[in-house]
Amino acid sequence: MADARLSLDAFDPAAEIAAFNARHRSAGGIVTFVGQVRDSGGVEALELQHYEPMTLPGMEELARITQARWPLEGLLILHRSGVMYPGDAIVLVCAAARHRRDAFAAADFAMDHLKSESWFWKREKTATGWRWIEPRPEDHEDISRWRA
Amino acid sequence: MADARLSLDAFDPAAEIAAFNARHRSAGGIVTFVGQVRDSGGVEALELQHYEPMTLPGMEELARITQARWPLEGLLILHRSGVMYPGDAIVLVCAAARHRRDAFAAADFAMDHLKSESWFWKREKTATGWRWIEPRPEDHEDISRWRA
Amino acid sequence: MAKLVFMGRLEDVAGTAEMSVSPGPVEQVLASLDPALAVQLLGEKVRMAHNGRLLTDVGGVVLANGDELAFLPPVSGG
Amino acid sequence: MAKLVFMGRLEDVAGTAEMSVSPGPVEQVLASLDPALAVQLLGEKVRMAHNGRLLTDVGGVVLANGDELAFLPPVSGG
């Protein structure tokens, strides 16, 4: 039921959402999140690195945990790796549930964990060259919300 | 920037999401919510009634309030009226923002308010006929979260 | 004439979605209706809108020719 | 031979993404590296994974032929 995918090539989030929606037409509510490379701040390119033995298994474990925590009818976690450009999709999370609040919480939870606990390393290219991005303090605050 | 629409005919949420995403490729994150008629519980049809002089103006006001509360790059609130069948989309909310948490909160807020403070009346048809649906206590609890 | 509009379950109670009534003070209009319907329309959860604007109090409200008074039971969208 | 893998900014520090090293205890392998690199690899925010499994402590860990030891600085996905 859960679907975790690591994509080494560009993907079309709208097409993925359409396919997900078509698979879950009987769910009451579907929440999706698309994260994209921002077209601002002078970022020319973004690179995400993954570590083959751990990144996808970690995403699969996150999908499992998310599904165990909320009653979902479907879940998709899709993350890009490689070099991306402004407007390119980085990540897509889709959560289908009978009840709206479960779908919102599950997508929010999955995103917080992808952001600060999944095995990706990110660097940005600007006019001054490439620079590695460290996690922000907010990312850790976001994730701590779920440790009740 | 905000777009509030009342649709008297079926709409395709995936196509609307694709168009919204295309308009906001420079946003960092896009959260969407699709509410659909559930294909369970013996519901054969659902009817939503709106009151012409107030329903769309109320949705426009909700869009305005949502945008005033979070820094959004785009917002769409689209709601069906009329008779719907299992799998049909009832409501779509799309929120694009620079920061993920703003997009999540704005979509969640808009949905809670559409659910219990917008001018729609809902009835369901089952084997025993049509029955009007009263708001549930949870709907009022959901909305009270935003009155901080 | 003025128009009364019944939304949601009030349409079932009234047996019609709309009703033409003679203009006049709202209290007088309501007094002219079937008492069983009037009781429902005055239920504490029912709100009223005069020409699309919510009323906080019906006291003193007068329906003119062409006016519309809507009776709005609790909503449930989404 | 065994393999060291440097992720994220550690690749820049090491000047390479991967390095072949002689098998043996991890402490011994680290001692054979450029001290400036070893200091970075042992930074408190760097985690290590032995054949894809996180290590809680490197004490006693021995790299066998074909083993892989990855150095993982703080992550940032999404």
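Please read these numbers as outputs of a predicted model, since none were measured by experiment. Proteins come first, then strands; the chains are lettered A, B, ... in the order of their sequence lines, and each starts at number 1.
Taking the side chain as every heavy atom from C-beta outward, Arg53(D) and Met54(A) never approach each other to under 4.5 Å. Inter-residue side-chain proximity for Met7(D) and His50(A) is flagged as unmet; no heavy-atom pair is nearer than 4.5 Å.
Proximity to chain A (any heavy atom under 4.5 Å) is restricted, for Asp12(D), to the side chain, taken from C-beta onward. Only the backbone of Glu117(A) comes within less than 4.5 Å of a heavy atom in chain D; its side chain stays farther off. In this structure, chain D has a heavy atom under 4.5 Å from the side chain of Leu48(A), while its backbone stays farther away.
A 6.0 Å sphere centred on CD of Glu52(A) holds no more than 12 heavy atoms belonging to other residues, nucleotides or ligands. The neighbour count for Arg47(D) CZ, taken as heavy atoms of other residues, nucleotides or ligands under 6.0 Å away, does not exceed 12.
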Starting from the C-alpha separation in whole Å, work towards a yes-or-no answer on side-chain contact (heavy atoms from CB on, under 4.5 Å) for Arg9(D) and Arg123(A). CA-CA 9 Å; Arg9(D) 65 176 176 75; Arg123(A) 58 177 188 157; over 6 Å; no
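Using modelled atom types, no side-chain atom of Trp121(A) and backbone atom of Ser76(D) make a donor-acceptor pair closer than 3.5 Å.
Val75(D) approaches Trp119(A) most closely through the heavy-atom pair CG1-CE3, 3.6 Å. Shown here for Tyr51(A) and Glu68(D), the closest heavy-atom pair between the two residues is OH-OE2, 2.5 Å.
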